[in-house]
Each structure stands twice: as C-alpha cells, then as structure tokens.
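Bear in mind the structure is a predicted one, so any value in this text is a computation, not a measurement.
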Amino acid sequence: MKSKNNTSIYVTIAIIFIIAFIFLAAKPLAKEYNFEPCWNVSISNPTVKDVGDKKTMYYRLGQTIGYITEDGEISLNKTFPSKVSISNNYYTIYNTNNDEIKFYDPKGKESGVFEAQGFPYFYKNLVYTFLPGGCSFVKCNENGKVEWKYEGTIPITAFNAKDKYTALGLANGTIKIFNNLNGNTEVSFTPGGSDLPVILGCDVSNDGKYIASLSGQNKQRFVLASRENNQLKILYHRFLDSDSPYQNLVYFCNDGNRIIYNYENKIGIYNITKDIDNEIPINKHIISIKESKDLIILLGKKDKEYTIYMIDKNNTLVGNFSFNSENAFINTDENSLYLGKDNRISKINLSIK
C-alpha cells in the first residue's frame with residue numbers, strides 16, 4: 001500500500017513537472033534576421049540618369065558624392081577637390097577661397113547661396129554654417145539666408161541637429177539647446193563631474209525633453225538630463241572606464257527612449273523607460289549611426305578596417321561583419337541598408353524570419 005502511495009506521488013510530481021516545463025519552455029523562437037543582397041553598382045564613371053520623382057539617398061565615398069535610388073540608379077555623381085557637405089536634401093562643393101558658396105538639391109538645381117561665409121553643414125533639410133574661429137555658427141533658411149546666430153568665444157566641441165532643436169557642446173563643459181524656430185537658448189547647463197569638463201558628444205531628443213552627453217577627462221562620464229517644469233534634472237549618470245580625448249557619437253534613437261553612445265572599445269545603450277544601461281564590447285570607433293525599421297546600424301572604423309554592427313530593439317547585437325577599405329559609408333531606408341565601399345555601393349534588404 002505504501003509502495004502504491006509513493007508511486008502515485010511520483011506520478012503526480014512528474015505530471016506537474018511536465019506541465020510546468022511546457023508552460024515555461026513554450027516561448028516563441030528567437031527572431032532571426034535575414035540579410036539579402038539586392039544589387040551592387042560602381043560609382044566610377046557611372047551612367048547618370050534622370051530618375052524623375054523617385055526617392056534618392058545621398059552617398060559619399062572618398063572624393064565622390066552623389067544620389068542613388070532604391071533600384072540602384074545614380075541620379076547625380078560628382079567629384080570634389082576640396083570640401084563638401086551633403087544630406088538627402090542638399091549638397092555643396094566648396095573651398096575656403098570661394099567668394100560665395102552655392103548649394104543644390106539632389107537634382108543639381110541651385111537652392112541658394114550662403115549669406116554667411118564659413119563651413120556649411122546640412123542635416124536633412126536644415127542648413128547651418130560654422131563660422132571661422134570654431135566658436136560660432138548660424139542657422140540658415142532654405143535659400144541660405146541667416147535666420148539666427150549663436151556667437152561664442154569658447155570652441156565648439158560637439159554638435160547635433162534635430163528637426164526642432166539644435167544641441168551644442170563646448171570646450172568649457174557647457175551644453176546649450178537652441179530652439180530651431182527662433183534661436184532662443186532653452187537650456188544651458190554644465191554636467192560637470194570631471195577634472196577637465198570638455199563636452200565630447202551630446203544630443204537632444206526629438207521632443208526636446210531629454211539631453212544626453214559624454215564629457216570630461218579624468219572621470220569621463222555619460223549623463224542624461226530631463227527638462228521638468230522649466231527645471232533641469234539629472235536622471236542618470238555613469239563614470240566610464242575611459243579617458244579618450246576624441247569626439248564620440250551620442251545619439252537619441254527615433255523611438256525617443258534609447259540613447260546610443262560610444263566610448264573606448266564599447267557601445268553604451270541606455271533605456272530611459274527601463275532605466276537600464278547595456279554595454280556591448282567592440283574594437284572600433286563609431287563614425288556613423290543609422291536606423292532601419294527594425295535595427296540600429298553602426299559603422300565603426302580602425303585604420304583601414306571597417307565593421308558594421310546591427311543592434312535590435314532589445315539592445316542585442318544580432319550581427320556584425322568587417323571589411324577592409326580606403327573609405328566607406330552607410331545609409332538606410334525602411335528595412336534596407338546601403339553600404340558604400342571604395343567605389344561601389346551595395347543594397348542589402350533586412351528582414352525578420
């Protein structure tokens with residue numbers, strides 16, 4: 001009788017274990033990302049076509065710039081001897097001796113002339129000029145006329161533009177956030193915490209609520225601040241095991257909830273909602289960050305070796321590959337990656353299976 005009771009107990013435990021295993025183990029399989037090559041074109045003496053109203057994306061490889069469609073048709077291809085600035089909306093080729101600097105749309109039609117002399121910079125359809133001396137800049141309209149001006153005496157060491165705001169970092173450790181509409185300084189603060197407080201990278205969220213920065217020498221740190229009731233509040237800060245003197249990318253993702261920052265041999269990813277700071281070891285300096293529909297794509301460089309890093313929405317490194325090249329660039333559109341290497345551009349479709 002005792003044996004039968006023991007057997008019954010063992011059977012019951014086994015059934016409970018099986019049921020628990022089924023429920024605990026019955027999780028969806030991890031998503032797999034599929035990278036499908038679509039085309040590969042050369043930009044050396046290409047056939048330039050009138051692509052009509054097709055959407056184009058910019059490229060820059062070595063001393064060549066241009067625009068290309070999602071089908072691999074090149075609509076504009078130009079070499080430049082000196083300096084250049086380009087976005088999906090505008091480009092300009094210039095040198096410091098120009099009496100006037102003109103800029104053009106992707107079809108090569110003149111859009112305007114810069115009213116202020118200096119070093120042009122484009123972000124999407126936003127137009128800026130950094131003034132000689134490295135301490136001041138102006139924001140221009142779509143014709144190159146000055147809309148407003150920031151005039152400073154401290155060298156600019158970090159800069160990022162968003163549709164509604166401009167983030168500026170200075171050598172004395174100050175961060176300023178400007179309203180793009182009128183140039184008003186909405187935020188001015190110093191993260192501090194280091195012996196040398198220089199701002200090495202900074203960015204502002206699309207809504208202007210959050211400001212992130214990487215700053216300092218001797219106790220370098222990452223800081224996230226929030227604007228609340230006209231007051232600035234430090235939400236998170238972290239001292240880094242790095243004292244790199246170089247500028248580093250700080251980037252708010254399109255979701256407004258994650259910040260990517262690069263410091264010595266690492267990528268940091270801070271999630272505001274979850275208050276989690278992830279870290280991914282790398283061996284490159286990040287020079288470009290783009291987003292597809294599902295992935296954050298980073299381009300890293302060390303000497304002549306480049307590495308593509310792909311990070312998903314769970315902050316997991318889902319893929320990376322390296323190649324040797326004299327120069328490289330990345331661009332994205334929806335779930336497509338455009339990769340430039342030396343004198344060739346490839347399109348890779350990114351999908352989840």
For residues Ser194 and Lys219, is any side-chain donor paired with an opposing acceptor at under 3.5 Å? no

With a cut-off of 6.0 Å (strictly less than), are more than 12 heavy atoms of other residues, nucleotides or ligands near CG of Asn45? no

Review point. Is Ile43 reachable from Phe80 through a run of hydrophobic residues whose side-chain heavy atoms are each under 4.5 Å from the next?
Key: no

Do Asn343 and Thr64 come within less than 4.5 Å of each other through their side chains, counting heavy atoms only? no

State, without any angle test, whether Asn314 and Thr316 hold a side-chain donor-acceptor pair at a distance under 3.5 Å.
no

Item to check | Over 12 foreign heavy atoms within 6.0 Å of NZ, Lys274 | outcome: no

Item to check | Phe178/Tyr150 aromatic ring centres below 6.0 Å | outcome: yes

TODO: Go through the steps to decide whether Lys139 and Glu147 satisfy the test salt bridge (Lys or Arg N to Asp or Glu O under 4.0 Å), and finish with yes or no.
DONE: CA-CA 6 Å; Lys139 184 179 178 299; Glu147 290 185 326; 2.8 Å; yes

Decide whether Phe222 and Phe252 are clustered together by the hydrophobic rule: side chain heavy atoms of Ile, Leu, Val, Met, Phe, Trp, Tyr closer than 4.5 Å, transitively. yes

**Q.** Criterion side chain to side chain donor-acceptor pair (under 3.5 Å) on Ser188 and Lys176, from CA distance to verdict
**A.** CA-CA 4 Å; Ser188 181; Lys176 294 181 180 290; 3.2 Å; yes

* Asked: Between Phe159 and Tyr128, does the ring centroid distance fall short of 6.0 Å?
  -> yes

Lys54 versus Glu70: any side-chain heavy-atom pair under 4.5 Å?
no

Task: Asp71 bridged to Lys347 by N-O distance under 4.0 Å - done: no

Ile296 and Cys253 have their tightest heavy-atom pair at CD1-SG, 3.5 Å

Separation between CG (Leu126) and CG (Asn89), nearest 0.5 Å, reads 8.5 Å

Taking side chain as C-beta onward, heavy atoms only, is Glu186 less than 4.5 Å from Arg227?
-> yes

Check: Do the side chains of Asn95 and Pro81 get nearer than 4.5 Å, heavy atoms only?
Finding: no

If you apply the rule side-chain contact (heavy atoms from CB on, under 4.5 Å), what do you find for His285 with Lys301, and how did you get there? CA-CA 5 Å; His285 181 73; Lys301 182 179 187 294; 5.8 Å; no

- Query: Same cluster or not: are Leu249 and Phe329 linked, directly or through other Ile, Leu, Val, Met, Phe, Trp or Tyr residues, by side-chain heavy atoms under 4.5 angstrom apart?
  - Reply: no

Side chains of Lys284 and Thr307: is there a donor and an acceptor less than 3.5 Å apart?
yes

Tyr263 versus Glu279, side-chain donor and acceptor atoms under 3.5 Å: yes

Worked check of side-chain contact (heavy atoms from CB on, under 4.5 Å) between Ile297 and Ile308
CA-CA 7 Å; Ile297 301 172; Ile308 301 289; 3.8 Å; yes

For Leu235 and Ser226, the nearest pair of non-hydrogen atoms, with its separation, is CD1-CB, 3.5 Å

Is it true that Val318 and Leu337 fall in one hydrophobic cluster, defined by side-chain heavy atoms closer than 4.5 Å? yes

Inset, instruction - Go through the steps to decide whether Thr166 and Asn180 satisfy the test side chain to side chain donor-acceptor pair (under 3.5 Å), and finish with yes or no. - result: CA-CA 6 Å; Thr166 299; Asn180 283 348; 2.5 Å; yes

Report task. Return yes if some donor-acceptor pair links the side-chain N/O of Gln220 with the main-chain N/O of Leu240 below 3.5 Å, else return no. Result -> no

query = Can we call the ring centroids of Phe114 and Tyr94 under 6.0 Å apart?
reply = no

For Asn172 and Pro197, the nearest pair of non-hydrogen atoms, with its separation, is O-CG, 3.5 Å

Between Tyr104 and Leu76, is any pair of side-chain heavy atoms under 4.5 Å apart?
no

*Quick one: sort the Tyr90 and Phe122 rings into parallel, tilted or perpendicular, breaks at 30° and 60°.*
tilted

Taken to the nearest 0.5 Å, the spacing of Ile267 CD1 from Leu317 CG works out to 7.0 Å

Can you check side-chain contact (heavy atoms from CB on, under 4.5 Å) on Leu196 and Asn218, steps first, answer last? CA-CA 7 Å; Leu196 297 173; Asn218 192 6; over 6 Å; no

Practice task
Give a yes or no on whether Lys83 atom NZ has more than 12 heavy-atom contacts from other residues, nucleotides or ligands under 6.0 Å away.
Solution key: no

Practice problem: Answer yes if the side chains of Ser325 and Asp342 hold a donor-acceptor pair under 3.5 Å, and no otherwise. | Solution: yes

Value for CD (Glu291) from CG (Asp333), rounded to nearest 0.5 Å, stands at 13.0 Å

| query | Are more than 12 heavy atoms from other residues, nucleotides or ligands located less than 6.0 Å from atom NZ of Lys266? | reply | yes

- Carefully, step by step, assess Tyr306 and Phe321 under the rule side-chain contact (heavy atoms from CB on, under 4.5 Å). CA-CA 8 Å; Tyr306 292 83; Phe321 60 90; over 6 Å; no

Suppose we call two aromatic rings close when their centres sit under 6.0 Å apart. Are Tyr59 and Tyr338 close by that rule? no

### Query
Is a donor on one side and an acceptor on the other found under 3.5 Å between the side chain of Asn160 and the backbone of Val250?
yes

Test side-chain hydrogen bond (donor to acceptor under 3.5 Å, both in side chains), reference Tyr270, set Asp275, Asn278, Asn257, output is Asp275

Contact between Asp203 and Lys162 at the side-chain level, heavy atoms closer than 4.5 Å - yes or no?
yes

No-hydrogen, no-angle side-chain donor-acceptor test under 3.5 Å, Tyr67 and Asn77 | no

Heavy atoms of Pro120 and Thr92 approach each other most closely as CB-CG2, 3.9 Å

Note to self: I'd like to know if the side chain of Ser215 and the backbone of Ile199 have a donor-acceptor N/O pair within less than 3.5 Å.
What the structure shows: no

TODO: Spell out, yes or no, whether Leu232 and Ile177 are grouped together once hydrophobic residues are joined by side-chain heavy atoms under 4.5 Å, including indirect joins.
DONE: yes

- [ ] Determine yes or no for a side-chain-to-main-chain donor-acceptor pair under 3.5 angstrom, with Lys107 supplying the side chain and Gly52 the backbone.
- [x] yes

Whether the Asn335 and Asn349 side chains hold a donor-acceptor pair (N or O, under 3.5 Å, no angle test) is what I'd like checked. no

